[in-house]
There are 2 protein chains.
Amino acid sequence: MKKRRITLKDLANELNLAPSTISRAIANHPAISEATKKIVNQKAKELGFIPNSIASSFRKKKTTSLGIIVPRIDIHFHSLVISGIEEFAYKASYNVTIFQSKDSLDRELEIVRILQTKMVDGIIACLSLETDNYEHFKKLEVPVVFYDRVPENYEASKVVINDFESAIKATEHLISIGCKRIAHIAGNPATSIFKARLEGYKAALTKNNLPIKHNLIEYTKELSYEEGVKCAKRFLKLQGKPDGIFCANDYTAVSALQVFKKANYEIPKDVAVIGFSNYPISKIIEPKITTVNDRAFEMGQAAANLLIRQIEEKNEIISSETIVLETQLIIRKSTKKNIHTNTP
Amino acid sequence: MKKRRITLKDLANELNLAPSTISRAIANHPAISEATKKIVNQKAKELGFIPNSIASSFRKKKTTSLGIIVPRIDIHFHSLVISGIEEFAYKASYNVTIFQSKDSLDRELEIVRILQTKMVDGIIACLSLETDNYEHFKKLEVPVVFYDRVPENYEASKVVINDFESAIKATEHLISIGCKRIAHIAGNPATSIFKARLEGYKAALTKNNLPIKHNLIEYTKELSYEEGVKCAKRFLKLQGKPDGIFCANDYTAVSALQVFKKANYEIPKDVAVIGFSNYPISKIIEPKITTVNDRAFEMGQAAANLLIRQIEEKNEIISSETIVLETQLIIRKSTKKNIHTNTP
DNA sequence: CTGAAAGCGCTTACAG
DNA sequence: CTGAAAGCGCTTACAG
């Protein structure tokens, strides 16, 4: 038999004060005298009073809790984003409830339904791969911030990186070290970020008077390591083999690097390779891979920051806002054509 | 101005029924007639009634919410565990609120304090590195399940793998392929799981009449890739170099592999390498690394399962229970001494 | 099968 | 500076 928890009322009885006074004293309300606050807090500690925040949330209609919808938690990018969200939210006294959509629209719909009843104060979401309309988000009565996979042609707050410009930067880096036949391993272009990386690659070529060759572009479904291997092998069979490969993520960059290495091509001398995301593996594999820092952790922080600002906005004009984080190109050995030392 | 949400009472007025009847109808209570349930649910849908689960939680003193304390979300092992927890909890209609201790005891203490007020129904925790006593967990009025880093000499529910036996298995695998001078890259032995891996390594040597050589054991603080490189370089300087290395995680296994490869040793011919955890990198790096599957995802599922069972246990005898998951040795190229094909 | 009533533990507008 | 009172939206033991 658990013993009943001490309540405000118990404290009030004990101290011959009104529950309202206790409540204000605990909340450090300015109207309460310092003397009263002192004895209340002392007694609270003595009796082991723990405020029931569910009661408080219920009464105030505010849970200080954020709902997060991610495709999968165990994808490194998303775990970094979540980490950034938690970090920021924790400091702002919010907590973070996490759901995985598993890239299923049905599941996303159900999660949104759950979040409506749970009365979170706001939601951060990365759309599932299957999501093609946003009606379910429209119904929500709390602010929503999207990150990474964000709705298109839809008024909403978003946090993203500049994929298009980043892809230009990456491709032009290959051009700058002398690559002439630059290949691209692309993600599914139905996903806007991968489309943007593809378009950036093309734009960079065009801008630098290089032709866009369709056999130098390979598409994958989900940019997996295994798919990357297949793409790289196809490049290997071409008459005009690429001398540089821009991959839409680091896994496929590792694939490309290993496939060409195994076929006795030197990296970066014969083929330079560049990835995207700055996954841990990119700086462990030999040679270390040049990549684009995708700012995952900062993305989480920015999303939490934006969301909490919108929640706490006094005036009801919740305006949508899009934050674009600037990426950095992290240059490592896989694109250092002129340098031949062992320490990149 | 947001419009007020529809409540049970609104439905009751609308239908000329008592709120209690509505409540029971929505909850599919057996005492309510099918006819009534039908009109209630129809009206609920029509008016867009969304139950306020905060009110319900408050009334029932049950939140169907689990608190999770992990050192860091962005460590792959923990993100897998969380994924397993979320997966199981979601199916059981619980949701999952996550906190990062950042391996700080102070932060862990504060999180436990927050979780007390938040009235989660149960807690899953991996202890911070700094945690050396468990008083703060004792105070909790809800069931707690620990995983991975669990309290010692303390009655509690735990989910762990058999680190000691796994280390024996790994070391004996090296012995079985003919290794005679087996080295170990160890984690901090203050952490029980790393101590167990070290002890398993020693036990396997002793059992097989091999000497324990102290210069073949290198200790790290946190088993980082960089530390692993240093350890491996020290092994490289020894007169009697190791012909097999058992590393307490996969990052240091990658270090060992790369350091020896760079020094022109062949893996596994000259040195066999075995890791621990089955991180994604272990099956990408060349040669692919033999490792111990640490069952992270299943650990999360088992922890959630155990916790929810304890929460829903009718009788109050909440007995502590320890679940030990069996690991598997995943044999890959880095220890295949006799096989010399390219496809492991 | 349905209803009336009490109450979960807080907070807050109002009054003094 | 403190108090009395109402009420947030549900659920449940009790009654019929």
Side-chain angles (χ1 to χ4, degrees), chain A residues 2-41 43-44 47-65 93 114 116-121 141, chain B residues 2-41 43-44 47-65 93 114 116-121 141:
Chain A
K2 282 181 194 164
K3 57 173 182 281
R4 206 172 55 79
R5 267 166 83 145
I6 303 290
T7 68
L8 279 188
K9 220 174 148 190
D10 297 328
L11 274 180
N13 289 337
E14 198 75 22
L15 291 169
N16 281 316
L17 286 167
S20 44
T21 304
I22 308 288
S23 172
R24 291 189 189 101
I26 301 272
N28 201 18
H29 189 106
I32 303 294
S33 74
E34 285 308 319
T36 305
K37 280 180 191 169
K38 201 166 170 184
I39 60 163
V40 169
N41 282 314
K43 200 70 179 177
L47 299 187
F49 170 69
I50 297 161
N52 179 336
S53 63
I54 297 296
S56 168
S57 292
F58 170 51
R59 178 55 233 257
K60 293 202 279 188
K61 294 178 186 302
K62 172 130 177 52
T63 54
T64 58
S65 157
S93 300
I114 294 169
Q116 278 182 291
T117 78
K118 285 285 166 185
M119 304 195 64
V120 290
D121 291 341
E141 289 159 351
Chain B
K2 284 181 196 166
K3 58 173 182 280
R4 206 173 53 79
R5 266 166 84 146
I6 304 289
T7 68
L8 280 188
K9 220 174 149 189
D10 296 328
L11 275 179
N13 290 337
E14 199 74 21
L15 292 168
N16 281 318
L17 285 168
S20 42
T21 304
I22 308 288
S23 171
R24 291 189 189 102
I26 301 271
N28 202 19
H29 187 108
I32 303 294
S33 76
E34 285 307 320
T36 306
K37 280 180 191 169
K38 202 166 170 184
I39 59 162
V40 169
N41 283 312
K43 200 72 179 178
L47 299 186
F49 169 69
I50 297 162
N52 178 336
S53 62
I54 297 296
S56 169
S57 293
F58 170 51
R59 178 53 233 256
K60 293 202 278 188
K61 294 178 184 302
K62 173 129 175 54
T63 54
T64 59
S65 157
S93 301
I114 294 168
Q116 279 182 291
T117 77
K118 283 285 166 186
M119 303 194 66
V120 290
D121 291 342
E141 289 159 353

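Any value given below was found using the heavy atoms of this structure, including those in side chains, with hydrogens, waters and symmetry copies removed. Per chain, numbering begins at 1; letters A, B, ... match sequence-line order. Only a predicted model underlies this, so the values are computations on that prediction, with no experimental measurement involved.
The side-chain heavy atoms of Phe58(A) and Thr63(A), taken from C-beta on, include no pair separated by under 4.5 Å. In this structure, the side chains of Glu141(B) and Gln116(B) stay at 4.5 Å or more apart for every pair of heavy atoms. With contacts defined as side-chain heavy-atom distances shorter than 4.5 Å, the pair Ser93(B)/Thr64(B) does not qualify.
Between Ile32(B) and Phe49(A), the one whose closest nucleotide on DNA chain C sits nearer the 5' end is Ile32(B). Comparing Arg59(B) and Lys37(B), the nucleotide of DNA chain C nearest to each residue sits closer to the 5' end for Lys37(B). Nearest-nucleotide mapping onto DNA chain D: of Ala18(A) and Phe58(B), the residue sitting toward the 5' end is Ala18(A).
No engagement by Ile54(B) is indicated, since no non-hydrogen atom pair under 4.0 Å with the nucleic acid exists. As judged by a 4.0 angstrom heavy-atom cut-off over every strand, Lys61(A) is placed among residues touching the sugar-phosphate backbone only. Ser33(A) comes within 4.0 angstrom of the backbone, heavy atoms only, and of no base. Residue contacts for Ser57(A): at a heavy-atom cut-off of 4.0 Å it reaches no nucleic acid atom on any strand shown. Counting any heavy atom pair closer than 4.0 Å across all strands shown, Ser23(A) reaches a base atom. Counting non-hydrogen atoms under 4.0 angstrom, Ser53(A) reaches nothing in the nucleic acid. Within 4.0 Å of Ser56(B), counting heavy atoms only, lie sugar-phosphate atoms of the nucleic acid but no base atom.
A donor-acceptor distance shorter than 3.5 angstrom exists from the side chain of Ser57(A) to the backbone of Lys62(A), with no hydrogens or angles considered. In terms of modelled atom types and a separation under 3.5 Å, the side chain of Asp10(A) and the main chain of Thr7(A) share a donor-acceptor contact. A donor-acceptor pair is defined here as one N or O able to donate and one able to accept, closer than 3.5 Å; no such pair exists between the side chain of Thr117(B) and the backbone of Pro51(A).
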**OP:** Start with the C-alpha gap between Ile50(A) and Ile6(A), add the side-chain angles, then the distance that decides, and say whether side chain to side chain contact (heavy atoms under 4.5 Å, CB included) holds.
**Re:** CA-CA 7 Å; Ile50(A) 297 161; Ile6(A) 303 290; over 6 Å; no

Throw together a table of side-chain donor-acceptor distances under 3.5 angstrom for residues 17-35 of chain A, partners on residues two or more places apart or in other chains.
residue: Asn28(A); atom: OD1; partner: Lys37(A); partner atom: NZ; Å: 2.9
residue: Ser33(A); atom: OG; partner: Thr36(A); partner atom: N; Å: 3.1
residue: Ser33(A); atom: OG; partner: Thr36(A); partner atom: OG1; Å: 2.8

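Close approach of DNA chain D to chain B, defined as any atom under 4.0 Å from a non-hydrogen atom of the protein, starts and stops at dG9(D) to dC14(D).
Lys43(B) contributes atom NZ, which lies 8.5 Å from atom CG of Leu11(B) (distance to the nearest 0.5 angstrom).
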Original post:
Just the dot-bracket of DNA chain C, please: which string comes out with Watson-Crick or G-U pairs under 3.5 Å, [ ] for crossing, | for another strand?
Top reply: |||.||||||||.|||

